[in-house]
Colleague: 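Sharing a structure with you now.
As the structure is a computational prediction, the values presented were derived from the model and not from experiment.
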Amino acid sequence: MESKEKDRVVEQVKAMFDKRSELGIKKYGFTLDKNKLSLKEWLQHSLEEQMDNILYLQRAINELD
């Protein structure tokens, strides 16, 4: 049985992705699929994003301590 009910959390995250996409297009002038980075460059970007995330997590932990 298929539910027609929408998950508010999923809808919230989808809206956040849409907004992020719009900001990226505005900033860089093209969509993510049009970006012709090499695989290594994509991996480097991902690595740097994860490093930033670790810093944000540590900052939040420090605030709880």
Colleague: Check this for me: does any side-chain nitrogen of one of E63 and R59 sit under 4.0 Å from a carboxylate oxygen of the other?
Modeller: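 Looking at R59 together with E63, the answer is yes, because their closest N to O distance falls below 4.0 Å.
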Colleague: Of all the heavy-atom pairs spanning W42 and L32, show the shortest one and how long it is.
Modeller: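 Taking W42 first and L32 second, the nearest heavy atoms are CH2-CD1, 3.4 Å.
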Colleague: Just how far is it from atom CD of E22 to atom NZ of K26, taken to the nearest 0.5 Å?
Modeller: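 Atom-to-atom, E22:CD and K26:NZ are 9.5 Å apart.
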Colleague: Could you measure the distance from the NZ atom of K27 to the CZ atom of R20? Nearest 0.5 Å is fine.
Modeller: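 Between atom NZ of K27 and atom CZ of R20 there are 8.5 Å.
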Colleague: Between E11 and R8, does at least one N-O distance fall below 4.0 Å, as a salt bridge requires?
Modeller: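 No.
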Colleague: Identify the two heavy atoms, one from L37 and one from N35, that lie closest to each other, and give their separation to 0.1 Å.
Modeller: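 Smallest heavy-atom distance, with atoms named: CG-OD1, 2.9 Å.
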Colleague: Hey, could you give me the CG/CG distance between L57 and D52, rounded to the nearest 0.5 Å?
Modeller: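 It comes to 11.0 Å.
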Colleague: With a 4.5 Å heavy-atom cut-off, do L39 and L43 have their side chains touching?
Modeller: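 SC-SC contact between L39 and L43 confirmed.
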Colleague: Please tell me whether N53 and E49 have a donor and an acceptor in their side chains that are separated by less than 3.5 angstrom.
Modeller: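 The criterion, which ignores hydrogens and geometry beyond distance, is not satisfied for E49 and N53.
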Colleague: Is the number of heavy atoms from other residues, nucleotides or ligands under 6.0 Å of Y28 OH greater than 12?
Modeller: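 Count not over threshold, so no.
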